[in-house]
Amino acid sequence: MANSNIKYPYLPKGRTVEYVSVNNEYIQEAKKYARENSLDKTMPTGSVVVKDSAVIGRGANGSDYHQTHECERVKQHIPTGQGYELCEGCHPKNHSEPKAIKNAKDQGNDTNGADLYLWGHWWCCEPCWNAMVEAGIKNVYLMEDSEILFNKENPSNIVGKQFEARIRA
């Protein structure tokens, strides 16, 4: 189900975001992959690409760049969703969505008509949308209430404690 009341920082014309329960098997798989593989300790995210009821690709965000370098975006006080190209660690190639698409293709899977499930964020940036559109991703699914839970601006967020918080279905 789409939620037209949410004002995303970016959403391509003609595209929507669908929402699934915290108990959805693919959202749970994306969460598990984020927990085990994300290199971003503040906003760990995971994505899975699903086609014909099978997970064909997985990706988690982050790189080890921030462990040895300061984030250029943080230093310049650049708002979320902007200036990713200024910091190697924040570059879209390190986002979970394109990593999941690349993983699927590297395994010889066709992503055209597949769906992508993203756990750990409440929207997708323009470069990630571009990658998903180019890969033929049909639907993008987020977890219900992600606009609250994973939004740094929302006072009820769980940022920094994503794996500790008890999220109800």
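In what follows, residues are counted from 1 in the order of the sequence shown.
Annotation: the span from Glu144 atom CD to Leu149 atom CG amounts to 10.5 Å, rounded to 0.5 Å. For the atom pair CZ of Arg15 and OH of Tyr8, the computed distance is 12.5 Å after rounding to the nearest 0.5 Å. To the nearest 0.5 Å, atoms OG (Ser63) and NE2 (His95) are separated by 9.5 Å. Between Asn139 atom CG and Leu116 atom CG the span is 10.5 Å, to the nearest 0.5 Å. To the nearest 0.5 angstrom, Asp64 atom CG is 9.0 Å from Asn94 atom CG.
For residues 22-31, the set of pairs meeting the salt bridge (charged side-chain N to carboxylate O under 4.0 Å, His left out) definition, not counting sequence neighbours, comprises Glu29-Arg58. Note on residues 66-90: pairs passing salt bridge (charged side-chain N to carboxylate O under 4.0 Å, His left out), not counting sequence neighbours, are Glu72-Lys75, Glu88-Lys93.
Between Tyr26 and Ala54, the shortest heavy-atom contact is OH-N, 4.3 Å. Of all heavy-atom pairs spanning Cys90 and Tyr84, the tightest one is O-CD2, 3.4 Å. Minimum interatomic distance between Trp122 and Ile6 (heavy atoms only, all atoms of both residues): CZ3-CG2, 4.0 Å. When every heavy atom of Ile27 is checked against every heavy atom of Tyr141, the shortest pair comes out as CD1-O, 4.2 Å. Across Trp119 and Ala34, no two heavy atoms sit closer than the pair CE3-CB, 3.9 Å. When every heavy atom of Lys105 is checked against every heavy atom of Thr111, the shortest pair comes out as CE-OG1, 3.5 Å.
Residues Ile78 make up the rest of the hydrophobic cluster containing Leu86, defined by ILVMFWY side-chain heavy atoms closer than 4.5 Å, directly or through other members.
Environment of CD in Gln107: crowded, with over 12 heavy atoms of neighbouring residues, nucleotides or ligands closer than 6.0 Å.
Under the 3.5 Å distance criterion, the side-chain polar atoms of Ser146 are matched with a main-chain donor or acceptor of Met143. The backbone N or O of Met43 lies less than 3.5 Å from a partner atom in the side chain of Asn61, making a donor-acceptor pair.
Looking at heavy atoms from C-beta onward, Leu142 lies out of side-chain contact with His121 at the 4.5 angstrom threshold. With a 4.5 Å cut-off on side-chain heavy atoms, Leu118 and Thr45 count as touching. Residues Val17 and Leu11 meet the side-chain proximity criterion, which asks for heavy atoms closer than 4.5 Å.
In the hydrophobic cluster analysis, where Ile, Leu, Val, Met, Phe, Trp and Tyr join through side-chain heavy atoms closer than 4.5 angstrom, Tyr10 is grouped together with Ile101. Residues Val140 and Tyr33 do not share a hydrophobic cluster, defined by chaining ILVMFWY side chains whose heavy atoms lie under 4.5 Å apart.
Using a 30° and 60° split on the angle between ring planes, Tyr65 and His69 fall in the parallel class, below 30°.
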Would you give me the side-chain donor-acceptor pairs under 3.5 Å for residues 125-136, sequence neighbours excluded?
unit_1, atom_1, unit_2, atom_2, d
Trp129, NE1, Cys124, O, 3.3
Asn130, ND2, Glu126, O, 3.4

Run the side-chain donor-acceptor check on residues 46-53: report pairs under 3.5 Å with partners two or more places apart or on a different chain.
unit_1, atom_1, unit_2, atom_2, d
Ser47, OG, Ser96, OG, 2.7
Lys51, NZ, Asp110, O, 3.1
Lys51, NZ, Asn112, O, 2.8

Would you tabulate the side-chain donor-acceptor contacts of residues 157-165 under 3.5 Å, counting partners in other chains and residues two or more places apart, or write 'none'?
unit_1, atom_1, unit_2, atom_2, d
Asn157, OD1, Val159, N, 2.9
Asn157, ND2, Asn151, O, 3.3
Asn157, ND2, Lys152, O, 3.3
Asn157, ND2, Asn154, O, 2.8
Gln162, OE1, Gly160, N, 2.8
Gln162, NE2, Thr42, O, 2.9

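Checking Thr16 against Glu18 by side-chain atom types alone, a donor-acceptor pair falls below 3.5 Å.
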